[in-house]
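First comes the structure, then the notes that go with it.
Throughout, a chain's letter reflects where its sequence line sits, starting with A, and its residues are numbered from 1.
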2 protein chains.
Amino acid sequence: MYSFTEENYIKAIYKLQEKSGISVNTNAIAEIMQTKAASVTDMVKKLSEKKLLSYAKYKGVELTELGRKMALEMIRKHRLWETFLYDKLNFSWDEVHDIAEQLEHIKSTKLIDCLDEFLGFPENDPHGDPIPGKNGLIQRIELYKISELGIGEFGVISGVVNHSSLFLQHLEKNQLVLGKGIEIISKSDFDQSLRIKIEGGIPIMISNEVARNVLLKKSR
Amino acid sequence: MYSFTEENYIKAIYKLQEKSGISVNTNAIAEIMQTKAASVTDMVKKLSEKKLLSYAKYKGVELTELGRKMALEMIRKHRLWETFLYDKLNFSWDEVHDIAEQLEHIKSTKLIDCLDEFLGFPENDPHGDPIPGKNGLIQRIELYKISELGIGEFGVISGVVNHSSLFLQHLEKNQLVLGKGIEIISKSDFDQSLRIKIEGGIPIMISNEVARNVLLKKSR
DNA sequence: TAATATTTTTAGACTAGTCTAAAAATATTT
DNA sequence: AAATATTTTTAGACTAGTCTAAAAATATTA
């Protein structure tokens, strides 16, 4: 059984490895873990002994297959809990992260698989990020900004680029919520604003600013 | 913010205080916390400094109002999560406890209040134990053993006395699940076994052993 | 490539929570 | 009420995870 701290280190290292290539250095880990480099060295040695990552002094670390699998499990849990909070308990997009940060440490495979089923096997969390499957595979679904779609194309709102409360509240006020299907009606050559039709509603205008910050899964 | 360990101590002390009167002694705490008396002494001193309980050397401990409130919050969380697992994720009676033991430590008042609402403000958990309200009040509903009801009386299954997996599985096999309405048809003078009718089913026999371990809320 | 700057590691110490073994207080028995 | 048994506390040590300060390795610059 792994401690919360160990789990958080693995998740942090996974994220760093995702964006900045193969080997992750001590200082970078210290920064996102809000701790000191010396502490990271200690922990990294421990995780290395547990075969979760490979580590050579002064050379940075790299997750093993075991570590990678663990990181994906954490991310799966995190995103499923976020989806639960958003879909079932009506939390807003910006409230879910901190609570999911706690919930992702709950140990029970059955719990998370049942939750997955209860939520209808969602493919993306409320921020549009893909939810890894039971097998540890990420099914990456191509998401497009509204502004990238052509006239006549259809899509389902699946995420956002800008996560600010102000923006999320603006979307909600305009019925632009997760899961809604929309169709591109026309684009203005003047200010790149768009006219779109929301599923079961009348056509509305949205600014290019909005169109560049909402992500769609193409449909039809 | 309190640690998991501190929270578990407070919950344990509350439970002991419930059944065995006012002052709780060190060894009893050590036993249910699965630790040694020396460790209990240390922790109890700490909790005393935090005003969660009052403690006099060699005289045992007693929760303060603050400690009692905290214990009730823990119990509220525990029982709401158990209800969630049972009602929404279809866990069985005997599976919910261990996971709720982890979930009860999640820190978010909003989360637990939204969960309460999502579950329809349940009054009892899947074991029939009352769920403390937001205010910290326990609404105690009178529950009767099946064996205490008279012939012709009706009741809804609302809890159990014996919480063992073996017993809970036996009940499930015989359709004796939470929320089912039953009617007492007759009682045997020989072995105190009962004939009962389960809502929407045919009459069945149950042993006195079963009848003494299932709790009903009277109805009609 | 020598000097300097940066990064990483080591050494030793601290806290929370636990332990064992022994001492102190309380309870029970005779 | 003295002897014995039990319970509780103290003292000192251990582990996980953290820290600071200093040493060692690596990287950068002139």
Interatomic distance, B/Asn25 CG vs D/dT6 P [rounded to whole Å]: 15 Å
Length of the CD1-C1' vector between B/Ile29 and C/dT18, whole Å: 16 Å
Earlier contact from the 5' end, DNA chain D, for A/Phe4 and B/Ala37: B/Ala37
Nearest-angstrom distance from the residue atom NZ of B/Lys45 to C1' of C/dT18: 14 Å
Watson-Crick and G-U pairing of DNA chain D written in dot-bracket, each distance under 3.5 angstrom, with | for inter-strand partners: ||||||||||||||||||||||||||||||
Separation of C/dT6 C1' from A/Lys59 NZ (nearest whole Å): 15 Å
Whole-Å distance separating the CD atom of A/Glu31 from the P atom of C/dT7: 11 Å
Distance test, side-chain N/O of B/Lys57 to OP1/OP2 of D/dT7, below 4.0 Å: no
B/Tyr2 vs B/Tyr9, ring pair (Phe, Tyr, Trp, His ring centres under 6.0 Å): CA-CA, chis, key distance, verdict: CA-CA 11 Å; B/Tyr2 303 107; B/Tyr9 268 93; over 10 Å; no
Residue pairs, two or more places apart or on separate chains, that pass salt bridge (charged side-chain N to carboxylate O under 4.0 Å, His left out) and touch residues 114-126 of chain A: A/Arg76-A/Asp116, A/Arg79-A/Asp125, A/Glu123-A/Lys217
Between D/dT10 (P) and B/Met43 (CE): distance, integer Å: 16 Å
Measure all distances between protein nitrogen or oxygen atoms and nitrogen or oxygen atoms of nucleotides 20-24 of chain D, and list the pairs falling under 3.5 Å.
unit_1	atom_1	unit_2	atom_2	d
D/dT20	OP2	A/Lys36	NZ	3.2

Residues within residues 6-15 of chain B bordering DNA chain D, heavy-atom distance below 4.0 Å: none
Ring centroid separation B/Phe91 to B/Phe84 under 6.0 Å: no
Residues from residues 98-108 of chain A lying under 4.0 Å of DNA chain C - heavy atoms: none
Atom NZ of A/Lys107: over 12 foreign heavy atoms under 6.0 Å: yes
Donor on one side chain, acceptor on other, A/Ser39 and A/Asp42, under 3.5 Å: no
Sugar-phosphate only, base, or nothing, as touched by B/Thr41 at under 4.0 Å among non-hydrogen atoms: base
Heavy atoms from other residues, nucleotides or ligands near NZ of B/Lys110 exceed 12 (cutoff 6.0 Å): yes
Set of side chain to side chain donor-acceptor pair (under 3.5 Å) partners for A/Asp94, sequence neighbours left out: A/Ser92, A/Ser165
A/Asp42 CG - D/dC19 P separation (whole Å): 10 Å
Short N-O contact, B/Glu18 and B/Lys15, less than 4.0 angstrom: no
Spacing between A/Tyr2 atom OH and D/dA16 atom P, to the nearest angstrom: 15 Å
